[in-house]
Asks: 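Below is the structure I would like to discuss, written out as structure tokens.
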Amino acid sequence: MAETQTGPVRVRIAPSPTGPIHIGNIHTALFNWLFARKQGGTFILRFEDTDQERSDRKWEELIYKEMRWLGLDWDEGPDVGGPYGPYRQSERLELYQKYAQELIDRGYAYYCYCTPEELEAERKAAEKAGQAYKYSRRCLHLTEAEKAQAEAKLREQGRRPVIRFRVPEGQILAWDDLIRGRIETASDTISDFVIMRGNGIPLYNFAVVVDDITMKITHVIRGEGHISNTPMQLLVYQALGAEVPAIGHIGHILGTDGKKLSKRNGDAYVGDYRDRGFLPEALFNFLALLGWTPPDGQEIQSRDNIIRTFDLERVGKSPAIFDLQKLEWMNGVYIRMLSREELLARCLPYLQQAGLVEENPSPEKREWIGRVVALEQERIRTLAEIVPATEYFFKTEITYDPKAVQKVLKPECRPHLEAALSLLEGITETNWTTETLEKLLDGYVNEHGLKRIEVFQPIRVAVTGRTASPPLFDTLAVLGPEKVRERMRYALEHLVPAA
Ligand code: GLU
């Protein structure tokens, strides 16, 4: 079987639109996309939507959305068309039926009339005998008369025969996996598999090959879960007299517990990461490094750099570990790279969703929110963290952390808070800047020979409700005179015990 490819690269991903897109699938999409972009090839999106009950256009929409969010654009697909479409299996049924008929005519496939009950009995018998189950081929040798009889019997039950592939004996089915090297399977281990259901719907191992042949796919890059399907697909290529594309299986993505990433050991869907405030460029960078090692070994890689240097030879076959802490770190790095305006634009939806900011803030308010979020740029790791980090800027009444109050707002801080308040009351609105505040409060500390923490920490707790905040004078400057004075008064009246 020829496995060398010439001509322009054409790769694809073929998700089933039956639910939100899993991180593993988007990872496969990314590697295909990177390969296509690096090679100047074509990246195709097509849907395996033959599961009529579970497939839904809403899931297709979600796949578009997640891919666009990550910047994975496709060149051909259900919504953009292309020369070899349609790109939904449900719209290509005639094609599969035509190819299945061709296989029957040429002796590579046959109708099977066995009922599920009969098949179940066969399976049980094999199990009892301790043998791996293979279909008995009972229907392979039926005479025309027996076929007609069997078909009539099925019809009475409202059923139609399925079509099975006739697996040849004594063959070694082999391919040079782009990532794993040579893989071989003996055809004798493969049961005559069903390629078409009675209702004219194709099964995966057959439909995927018909799609890959007719869409002129040159490289199949997919998850290692499909390794066991490949021998069956090789048989279909062979039977249809088609050239086999290059095939590579990338490793699974595992959670830090070593198990396949799922809802149980973390967030498994792309949308979860968007909602939690991961930047698409950070997730892109992170996912690219799951299983692929950039030539310069650097963790932070721009999109352009990844496209330029991506290479299947540097993709490892071992499973990659999805380390959330590393993603958070990386996301933080990307957050710090944002311009102030970008940071604001990205944080706003989170603040609005939390009800801290109105739908359409005025330009002045927007500018002020920009100052608020800039204060946290160095500290947040996800955009969603902006909400708890800055809520005290937006709320009229803040929540005081009881531990902070108990630890910091002690009776002995009362004179300092009182003195600071009266100093702050003397600053005019226009003079309310980081520099003035610092000069004034530093002056008080120095004049009385105090430690900065003795004065500044009570102020911090009084106005933010917590012990950790961005630099104090910046925080006070952005909070503004009114909120600062009001909160200090409140603390003196309600929180600081009498000296
Ligand atoms: N629907 C299959 C999947 O998403 C396609 C596998 C393939 O690429 O052949 O896993």
Side-chain angles (χ1 to χ4, degrees), residues 1-2 10 12 14 16 44 46-53 55 78 82-116 118-119 134-169 171 173 187 190-217 220 226 229-245:
M1 267 174 258
R10 290 177 60 81
R12 85 300 189 275
S16 300
I44 297 161
R46 68 174 191 233
F47 289 127
E48 296 200 341
D49 63 343
T50 50
D51 183 337
Q52 290 159 311
E53 266 165 34
S55 296
Y84 307 110
Y87 294 89
R88 280 188 192 92
Q89 289 187 332
S90 62
E91 293 165 4
R92 297 163 64 81
L93 296 180
E94 278 172 28
L95 190 70
Y96 310 118
Q97 285 153 8
K98 184 187 110 190
Y99 278 95
Q101 189 57 50
E102 186 186 321
L103 291 182
I104 293 179
D105 294 344
R106 295 179 38 231
Y108 286 104
Y110 60 94
Y111 281 109
C112 171
Y113 308 90
C114 294
T115 63
E118 286 165 332
L119 295 171
K134 268 176 80 177
Y135 173 59
S136 66
R137 291 196 156 167
R138 192 164 12 158
C139 294
L140 176 59
H141 306 292
L142 299 180
T143 62
E144 288 307 314
E146 286 167 330
K147 283 185 195 169
Q149 207 185 359
E151 174 138 13
K153 206 176 115 197
L154 265 193
R155 211 178 273 278
E156 270 170 34
Q157 305 171 0
R159 290 189 171 130
R160 307 277 335 259
V162 302
I163 301 174
R164 283 186 189 272
F165 190 90
R166 179 182 179 175
V167 176
E169 279 124 60
Q171 269 200 28
L173 303 165
S187 68
I190 303 172
S191 176
D192 284 358
F193 51 98
V194 175
I195 58 173
M196 294 289 279
R197 286 187 225 283
N199 60 5
I201 304 279
L203 272 94
Y204 163 70
N205 279 316
F206 175 59
V208 75
V209 173
V210 171
D211 288 349
D212 285 342
I213 293 172
T214 52
M215 292 183 190
K216 302 190 176 354
I217 297 303
V220 169
H226 288 290
N229 286 319
T230 304
M232 287 178 265
Q233 295 175 18
L234 294 180
L235 286 169
V236 178
Y237 280 105
Q238 193 174 296
L240 291 173
E243 196 183 345
V244 179

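Residue numbers count from 1 along this sequence.
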Asks: Which value, rounded to the nearest 0.5 Å, describes the distance between Thr230 atom OG1 and His226 atom NE2?
Replies: 8.5 Å
Asks: Is there a side-chain contact between Leu173 and Ile190, using heavy atoms and a 4.5 Å cut-off?
Replies: yes
Asks: Is there a donor-acceptor contact under 3.5 Å from the side chain of Gln157 to the main chain of Leu154?
Replies: no
Asks: Tell me, with the steps shown, if Arg155 and Glu151 meet salt bridge (Lys or Arg N to Asp or Glu O under 4.0 Å).
Replies: CA-CA 6 Å; Arg155 211 178 273 278; Glu151 174 138 13; 3.2 Å; yes
Asks: Of all the heavy-atom pairs spanning Gly198 and Arg160, show the shortest one and how long it is.
Replies: O-CB, 3.4 Å
Asks: Rounded to the nearest 0.5 Å, what separation is found between the SG atom of Cys139 and the CZ atom of Arg164?
Replies: 7.5 Å
Asks: So how far is it from Arg197 CZ to Leu203 CG, rounded to the nearest 0.5 Å?
Replies: 4.5 Å
Asks: Could you please spell out the steps behind the side-chain contact (heavy atoms from CB on, under 4.5 Å) verdict for Phe165 and Met232?
Replies: CA-CA 9 Å; Phe165 190 90; Met232 287 178 265; over 6 Å; no
Asks: With side-chain contact (heavy atoms from CB on, under 4.5 Å) as the criterion, how do Ile213 and Glu243 come out once you've worked through the C-alpha distance, each side chain's angles and the decisive distance to 0.1 Å?
Replies: CA-CA 8 Å; Ile213 293 172; Glu243 196 183 345; over 6 Å; no
Asks: So which atom in Thr214 and which in Arg92 form the shortest heavy-atom distance, rounded to 0.1 Å?
Replies: OG1-NH2, 2.8 Å
Asks: Of all heavy-atom pairs between Gly200 and Leu93, which one has the smallest distance, and what is that distance?
Replies: O-CD2, 4.2 Å
Asks: Does the pair Glu156/Lys153 count as a salt bridge with the N-to-O cut at 4.0 Å?
Replies: no
Asks: Mark yes or no for whether Asp192, through its side chain, and Val167, through its backbone, hold a donor-acceptor pair below 3.5 Å.
Replies: yes
Asks: Can we say Glu169 and Arg137 salt-bridge, meaning some charged N sits less than 4.0 Å from an Asp/Glu carboxylate O?
Replies: yes
Asks: Quick one: are Pro202 and Tyr99 in side-chain contact, heavy atoms under 4.5 Å?
Replies: no
Asks: Enter the distance from Ile163:CD1 to Leu103:CG here, rounded to the nearest 0.5 Å.
Replies: 8.5 Å
Asks: I'd like to check Tyr113 versus Glu118 (side-chain heavy atoms, cut-off strictly below 4.5 Å). Are they in contact?
Replies: no
Asks: Looking at Tyr111, I'd like to know if its OH atom is crowded, meaning that more than 12 non-hydrogen atoms belonging to other residues, nucleotides or ligands lie closer than 6.0 Å.
Replies: no
Asks: Should we count CD of Gln149 as having more than 12 external heavy atoms under 6.0 Å?
Replies: no
Asks: Walk me through it: do Val236 and Phe193 pass the test side-chain contact (heavy atoms from CB on, under 4.5 Å)?
Replies: CA-CA 11 Å; Val236 178; Phe193 51 98; 4.2 Å; yes
Asks: Okay, side chain of Thr50, backbone of Ile201: is any donor-acceptor separation there less than 3.5 Å?
Replies: no
Asks: Would you say Gln233 and Tyr204 are linked by a side-chain donor-acceptor pair, where the criterion is simply a distance under 3.5 Å?
Replies: yes
Asks: Roughly how far, to the nearest 0.5 Å, is the CD atom of Gln89 from the CZ atom of Phe47?
Replies: 11.5 Å
Asks: Is any side-chain heavy atom of Ile104 closer than 4.5 Å to one of Gln101?
Replies: yes
Asks: Checking side chain to side chain donor-acceptor pair (under 3.5 Å) between Asp49 and each of Ser16, Ser55, Ser90, which is the one that passes?
Replies: Ser90
Asks: About how many Å separate OH of Tyr87 and CD1 of Ile44, when rounded to the nearest 0.5 Å?
Replies: 5.5 Å
Asks: Hey, are Tyr84 and Asp211 close enough side-chain-wise for a donor-acceptor pair under 3.5 Å?
Replies: no
Asks: For Arg166 and Leu140, indicate whether the former's side chain and the latter's backbone hold a donor-acceptor pair under 3.5 Å.
Replies: no
Asks: Should the pair Arg46-Asp212 be classified as a salt bridge under the 4.0 Å nitrogen-to-oxygen rule?
Replies: yes
